[in-house]
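Just so it is clear, the values below take in all heavy atoms, side chains as well, and ignore hydrogens, waters and symmetry mates. Both ligands and their constituent atoms are indexed starting at 1 by order of listing.
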Amino acid sequence: MAAVFPHRHLVGITELGREDVELLFHRAEAYLPYCRSAVHRLPDLRGKTVVLAFFEPSTRTRVSFELAARRLSADVVSFQALGSSLAKGESLLDTVQTLEALGVDALVIRHHASGVPWLIREHVSYSVINAGDGQHEHPTQALLDGFTLWKHFGRLEGLRVCLVGDVLHSRVARSNIALLRLFGAEVGVCGPLTLIPSCAEQVWGVRVFASLREAVQWADVLNVLRLQRERMESGLIPSLEEYHRWFGVTASVFAWNPTIRILHPGPVNYGVELTADVAASTHAHIRQQVTHGVAVRMAVLSLLLSGGSA
Ligand code: NCD
């Protein structure tokens with residue numbers, strides 16, 4: 001019997017089961033050969049309309065959703081949300097309901113307020129896809145990070161993955177932790193304790209490392225996070241130089257663990273959380289993550305919009 005994807009929305013990893021993620025990975029793998037070619041468009045979403053509404057800056061997530069939708073022959077509309085007065089709750093709901101009357105099939109939304117995609121899906125009948133809500137969830141980023149590791153290691157079970165840096169403000173960290181735990185991976189977090197939520201150990205069930213060296217010696221993979229200065233109150237780190245000195249990922253990690261693999265969701269602040277030589281090294285998967293992002297988002301769009309049969 002064909003596997004079925006039983007969801008109409010993708011708002012958070014916490015709503016997915018392991019079989020759902022495996023189905024997404026297999027579909028993304030099938031799409032990989034097509035994700036860089038504008039010549040061979042697949043017909044899977046012909047006749048469907050996808051709206052992109054980004055209320056926060058974005059390069060790779062927005063472009064990658066747009067390419068994913070186009071590679072599957074969908075119509076794509078970019079909604080210029082940034083800087084408009086739509087950031088106010090009521091008018092946001094007006095807008096998303098207007099889209100419904102225009103016959104939209106899916107809304108891809110990024111918003112600075114945590115929970116917005118959950119709110120919207122209560123009021124519309126089209127599919128809602130979360131492209132990052134506040135510091136809450138970023139499910140397609142976790143899927144593409146997980147997919148990258150699954151392709152490299154052939155499994156996620158038992159892998160030791162450590163998220164390094166600004167875990168407190170990171171939706172990427174929250175979604176990654178949820179996904180990795182679904183597969184029985186071991187998860188660590190490492191950073192200044194002002195940037196690690198106090199619930200990390202008890203509620204998330206992750207290991208907390210205050211020393212980068214210890215984290216690197218423990219882990220198979222580091223997923224390095226950007227300092228989210230736009231979400232930070234002052235005083236959480238003494239200075240960028242000080243942060244880099246203790247938690248910046250430099251080539252010395254290879255001496256501590258010669259087989260370590262490096263992920264980064266981008267955008268990278270070189271010289272702060274990661275040095276350019278590490279990003280360019282054969283240990284890093286950063287460019288591959290970007291390519292995989294298109295395939296994973298093709299899989300998400302097609303499974304949500306094609307009624308689920310695979
Ligand atoms: C992340 C995001 O926006 O949450 N980036 C991304 O989607 N590629 C991480 C970040 O902004 O640091």
Is the positively charged end of Arg71 above the ring of Tyr34, judged by distance under 6.0 angstrom from the centroid and angle within 45° of the axis?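 No cation-pi geometry.
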Without swapping roles, check the side chain of Asp20 against the backbone of Gly17 for a donor-acceptor pair under 3.5 Å.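 Checked: pair present.
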Exercise answer: donor-acceptor pairs, residues 286-295 side-chain atoms, under 3.5 Å, sequence neighbours excluded:
from   : atom 1 : to     : atom 2 : distance (Å)
Gln288 : OE1    : His285 : ND1    : 2.6
Gln289 : OE1    : His264 : N      : 3.0
Gln289 : NE2    : Asp145 : OD1    : 2.8
Gln289 : NE2    : His264 : O      : 3.4
Thr291 : OG1    : Arg287 : O      : 3.3
His292 : ND1    : Thr148 : OG1    : 2.9

Does anything in residues 197-218 form a side chain to side chain donor-acceptor pair (under 3.5 Å)? List the pairs, not counting sequence neighbours.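 Pairs touching residues 197-218 that pass the test: none.
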Let me know which protein residues bring a heavy atom to under 4.0 Å of ligand 1; chain then number is fine for ordering.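 Protein residues near ligand 1 are Arg60, Thr61, Arg110, His138, Gln141, Arg171, Val172, Arg226, Gln228, Pro265, Gly266, Pro267.
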Going by atom type alone, with no hydrogens or angles, which donor-acceptor pairs under 3.5 Å involve a side-chain atom of residues 40-52 and a protein atom two or more places apart or on another chain?
from  : atom 1 : to    : atom 2 : distance (Å)
Asp44 : OD2    : Tyr31 : OH     : 2.6

Between Arg297 and Thr140, do the side chains contain an N or O donor and an N or O acceptor separated by less than 3.5 Å?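 Yes.
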